[in-house]
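On a predicted model such as this, the values are computed, not experimentally measured, just so you know.
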Amino acid sequence: MYRLYDLLKLFLHACFYYADRNLYTIRAVPFADVRSIRRHTPALGWQYIIVVLSFGLAFPPLYFYNGGVREFLATVKQHVLLVRSAEDANVFLVNDFQNPLQRTLSSLELPRAVSIASVPSTPVSVGESSSQQNEERTDVRASIPQYNGTQRQKGHDPARDISIQVLEKFSLVTKFARETTSQLFRETHSNGFGPLERRNSNQSALDYSHESSEYKEDVPVQSPVDPDPLEFDKLSLVWGKPRQPPLGLEEWATFLDSEGRVVDPKALRKRIFYGGVEHKFRKEVWAILLGYHSYESTYAEREYQKSIKKTEYETIKNQWQSISPGQAKRFTKFRERKGLIEKDVVRTDRSLSFYDGDDNPNVNLLRDILLTYSFYNFDLGYCQGMSDLLSPILFVMEDESESFWCFVALMERLGPNFNRDQNGMHSQLFALSKLVELLDRPLHKYFEQNDCLNYFFCFRWILIQFKRELEYEQTMRLWEVLWTHYLSEHLHLYVCVAILKRYRGKIMGEQMDFDTLLKFINELSGQIELDAILRDAEALCICAGENGAACIPPGTPPSLPVDNGLFYSQQDDEVL
């Protein structure tokens, strides 16, 4: 029998597209294991199909970059019975026979066992059509009941053999797998991710077999909240990998050559993405992740750069330090920025011992670095929230000059968040709304109906990268995950979606309006489980694929620096 893999090889232009292609490979799949094929034709982007197995698991989208979906389905029809679903014209059911027993026999591929039943049938040649084969199976099915009635034969019972094979097949489907994979997706209308066909809408043979009580599912209680089209307690198990321990010093050394160069930057970023970094050597790793040092730099080159950059920093700092009181009286912009910075730094993370107490020198360093940055980037200057971004960097680097240049590298990416016209924030909030619409249409519709479609309740999350939502250590771990650039430079938007989906039941169940929602979001501070959210965000990003990338307009500020060093070309600046 042809396998799905054999037909896919005929369409080499179709391939999975993900950040890490090694996670998804095309394996040989018998058609007997395939329940349906869903065709997707989005308004923007490439056509793709989703293959759903008989027990509910769905493979990731398979994209056809140069067309060919129609031809692929036509080829499939030559080998199996392919029927368009009456409920959804884009769903094609594979070997969907009306009688459950016939469907079972087809799915188990038991032609020899059935032929033993001494049923009159005509042999089918290789060249005969699938419809003729189906007729033969229909004849066989009609005669099967004779072994279940009073005229049961003694001794060898072919029907009993079939039943045993059926039960053996079903025993492989554990309760865990059934619950985990039965409905990863539900109906999301036209958002590009339709439902996996429910088992109860087109009953499989499992429902007609002698099913033990542990396999029976309770009837769900009706709720005023629309069902989540992506159940992430289940989806995370499938796509969101478990978190790993932080990268340790010994393991870090394995990523470097004898002169200190990072041998495999991608492998390093992937490792940090899944586990973060131990705090005691974050200083060295953050400088590379942020672009202050390049991955290709040696120990000697990094030390040399530190000395050069320290001199440059002192030169810039001297520009504002040399302003006399008389000059300051005539320099309104300087006085305003200096005053705002001095007010903000005394309120930044003062609960930490690193910034605690009166006349704390680290608080003064925060002020000096921010003032120096306002002269380094005079057009942007200083805005509230920048002190929140600088605080963890100074805490890790413990050096004024290095903290400044790491902050400069970070602001090359997050700077648009603080533009006066707020275009950077608006573009990210717009992208967030499109991602929620793609990945959770009922929740998006709820926001639309309650005048929450501007997503301003997520403003603080994006502006300072969840700095006030997490504990200090968790904030540093999240940031280094974002800076890896491993899955997406807009992973922070998927983190937003993951949090909203975690609390969607409460938001929609309590019918929160904008003011109530804003208060609720702000009160989530300290209650977010970072590891769970990161797994969900990873699953979301993988699930959205190209459709997710299409939701984010070109030029939307990324949360992650690029890898090509501290300073960026004019072309990169124009994109921002």
Side-chain angles (χ1 to χ4, degrees), residues 276-287 289-290 292 306-307 309-325 328 331 333-377 380-411 414-415 417-418 460 463-480 483 522 525-526:
V277 181
E278 287 185 0
H279 182 73
K280 57 187 176 183
F281 69 103
R282 271 188 171 129
K283 177 177 182 178
E284 186 175 359
V285 178
W286 277 27
L289 287 178
L290 284 168
Y292 175 44
K306 288 178 185 178
S307 63
K309 288 298 182 182
K310 184 174 183 179
T311 301
E312 186 176 351
Y313 171 74
E314 294 296 338
T315 300
I316 302 171
K317 182 179 180 179
N318 188 59
Q319 294 177 10
W320 63 266
Q321 283 185 325
S322 61
I323 296 176
S324 66
F331 199 163
K333 181 65 70 175
F334 171 71
R335 294 199 313 273
E336 291 176 349
R337 289 180 176 176
K338 185 173 183 292
L340 184 58
I341 290 172
E342 289 176 342
K343 288 180 181 179
D344 282 353
V345 295
V346 296
R347 298 179 294 186
T348 302
D349 297 324
R350 297 306 296 273
S351 61
L352 294 176
S353 58
F354 188 78
Y355 295 111
D356 189 21
D358 297 332
D359 298 323
N360 188 311
N362 295 320
V363 175
N364 295 332
L365 287 180
L366 277 179
R367 178 202 62 202
D368 291 354
I369 293 172
L370 291 171
L371 268 172
T372 304
Y373 182 78
S374 72
F375 272 73
Y376 173 83
N377 188 347
L380 184 59
Y382 175 80
C383 299
Q384 286 184 311
M386 289 184 180
S387 61
D388 282 287
L389 297 177
L390 174 60
S391 171
I393 293 177
L394 179 59
F395 178 79
V396 168
M397 304 306 293
E398 295 183 309
D399 179 89
E400 184 176 359
S401 172
E402 291 182 59
S403 298
F404 172 80
W405 291 113
C406 286
F407 181 69
V408 167
L410 180 60
M411 292 305 295
L414 299 186
N417 287 5
F418 300 94
R460 188 174 73 183
L463 181 70
I464 55 176
Q465 304 289 276
F466 306 93
K467 167 66 162 47
R468 299 185 186 178
E469 322 310 319
L470 303 169
E471 299 294 335
Y472 207 73
E473 169 62 30
Q474 289 183 323
T475 298
M476 293 187 289
R477 185 148 50 93
L478 172 62
W479 285 9
E480 59 201 14
W483 296 341
N522 289 337
S525 178

Q. Do R477 and E471 come close enough that some side-chain heavy atom pair is under 4.5 Å?
A. no

Looking only at heavy atoms, the pair that brings D358 and R350 closest together is N-NH2, 4.3 Å

Exercise for review: Would you kindly say whether Y472 and S351 are connected by a side-chain donor-acceptor distance under 3.5 Å?
Suggested key: no

Between R335 and A328 (side chain of the first, backbone of the second, donor and acceptor by atom type, cut-off under 3.5 Å), is there such a pair? yes

**Asked** Which of parallel (below 30°), tilted (30 to 60°) and perpendicular (above 60°) describes W479 and W286?
**Response** tilted

- Message: Whether the Y313 and E400 side chains hold a donor-acceptor pair (N or O, under 3.5 Å, no angle test) is what I'd like checked.
- Response: yes

Is E312 salt-bridged to K309, cutoff N-O under 4.0 Å? yes

Do F466 and Q474 come close enough that some side-chain heavy atom pair is under 4.5 Å? no

Side-chain touch D344/Y382, heavy atoms, less than 4.5 angstrom
yes

Heavy atoms, side chains only, cut-off 4.5 Å: are L366 and S387 in contact? no

**Asked** Does any non-hydrogen side-chain atom of F407 lie less than 4.5 Å from one of L394?
**Response** no

Item to complete: For the residue pair L390 and Y373, establish whether any side-chain heavy-atom pair is separated by less than 4.5 Å.
Response: no

*Hey, is NZ on K338 packed in by over 12 heavy atoms from elsewhere, all under 6.0 Å?*
no

One should read off an interatomic distance between R282 CZ and I393 CD1, to the nearest 0.5 angstrom, of 12.5 Å

### Message
If you define the side chain from C-beta out and look only at heavy atoms, does anything of F395 sit under 4.5 Å from H279?
### Response
yes

Is the shortest side-chain N to carboxylate O distance from E314 to K310 below 4.0 Å?
no

Student check: side-chain heavy atoms of L410 and W483 closer than 4.5 Å | yes

